[in-house]
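These numbers come from the heavy atoms of this one structure, side chains and all, not from hydrogens, waters or symmetry mates. Protein chains get the first letters and strands the later ones, always in sequence-line order, with residue 1 at the start of each.
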Amino acid sequence: MPELPEVETIRRQIRPRLMARRVLEAGSHPSPKFTPARATTGATISGVGRRGKYLLIGLDHQRELVVHLGMTGRIVFRQGSADDSDPHVRAWWQLDGNETMEFIDARRFGRLRVVPTGDYSAIPTLARAGPEPWDSALTPQLFWQSLRSSKRAIKTQLLSQRPVAGVGNIYADEALWLSEINPARRSIGLERAGRLLDAVRTVMAQGIDLGGTTLRDYRNAEGGSGENQHALAAYGRAGLPCLRCGDTLRSKVIDARTTVWCVACQRN
DNA sequence: CCCAACTCCTGGGCGC
DNA sequence: TGCGCCCAGGAGTTGG
């Protein structure tokens, strides 16, 4: 599932390919999740940014195309026009230079929106997203205060995008494992919050360095796999030994999300 | 405002 | 080998 490191990998790849390109024509699957793609016809692309897990593609006339990849969303470039034979093409953009960008998403959990630049009021999760992991304003104190404002499980709070933007199920489990914090805890002190913030930054940076985590579906914009799946310590390792203490990692569902942790070194 | 429950989707894994 | 069941999962929506 594309989280911040996967989306950032894709952003870096597509930015040079999209800058100053013109959308000659665009089309989509009929679902309202994807029809906003059509509104980009005629636009010239002015930038490719990212906020959390959202790609922000700058258009002209003070508009942005906001792309969320969901679970299985992929960006593919191809020469010529869109591939009619691929049933999973949910949106496509015919660019100048005889090239097409496709949004491919088998499970249709992704979605697209065109919004006025910087106005995310129609996308509440984006509008309310917390700071980027490396935002200098994100101090341990601020992070701790954000975590204190909710009584939900720490893991669930990370997934809410509120304390920090871009964390999904994989990197949440990794950060909690690295900082030795129990994912089901409902409150943590300042010292633990600082460790968790450091761990989020560490696992995110490693994820970007390794080009993302490819478990099944994730591919970057060039069709390649990431390498971070080989570096995971917790996610997907239930029943295997903890890389720190050797105890067997456990798995349980917390707020409808599979969670893997070490009972020994992530004790309350 | 917060939170819990429900919803969207379908490829792939598994049991038989 | 093939059929059919059911899970995974981010975030939007709804209702309390």
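Atom CZ in A/R90 sits 11.5 Å away from atom CZ in A/R107 (nearest 0.5 Å). Once rounded to the nearest 0.5 Å, the distance linking OG1 of A/T213 with CD1 of A/I170 reads 5.0 Å.
Using cut-offs of 30° and 60° for the angle between ring planes, the A/Y54 and A/H68 rings count as perpendicular.
No salt bridge links A/K53 with A/E3; every basic N to acidic carboxylate O contact stays at or beyond 4.0 Å. Ion pairing between A/R195 and A/E180 fails under the 4.0 Å rule for side-chain N and carboxylate O.
Taking for each of A/R128 and A/D217 the nucleotide of DNA chain B with the nearest heavy atom, the 5'-most of the two is the partner of A/R128.
Among the nucleotides B/dA4, B/dT10, B/dC2, the one closest to any side-chain atom of A/R152 is B/dA4.
The CG-P distance, from A/D255 to B/dT7, rounds to 18 Å in whole Å. Separating the CG atom of A/L215 from the C1' atom of B/dG13 is a distance of 15 Å, rounded to the nearest angstrom. Here B/dG11 presents its C1' atom at 15 Å from CD1 of A/I104, a figure rounded to the nearest Å. Distance A/R216 CZ to B/dC14 C1': 12 Å, rounded to the nearest Å. Straight-line distance from the CG atom of A/D105 to the P atom of B/dC8: 16 Å, rounded to whole Å.
Judged by distance alone, the side chains of A/Q94 and A/T100 do bring a donor and an acceptor atom under 3.5 Å apart.
Among A/R17, A/R22, A/R78, the one residue that satisfies the salt bridge (Lys or Arg N to Asp or Glu O under 4.0 Å) test with A/E99 is A/R17.
Here the side chain of A/S146 pairs no donor or acceptor atom with the backbone of A/F143 at under 3.5 angstrom.
Annotation: the terminal axes of the helix from B/dC2-C/dG16 to B/dC16-C/dG2 meet at 40°, where each axis is the rotation carrying the C1' atoms of four end pairs onto the next four (5 pairs per end, rounded to 10°).
Geometrically, A/R244 engages A/W177 in a cation-pi contact, judged by NZ or CZ lying under 6.0 Å from the ring centre and within 45° of the ring axis.
Within 4.0 Å of A/S150, counting heavy atoms only, lie sugar-phosphate atoms of the nucleic acid but no base atom.
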Could you run down nucleotides 9-16 of chain C 5' to 3' and tag each one B, S or - for protein heavy-atom contact under 4.0 Å?
BBBS----
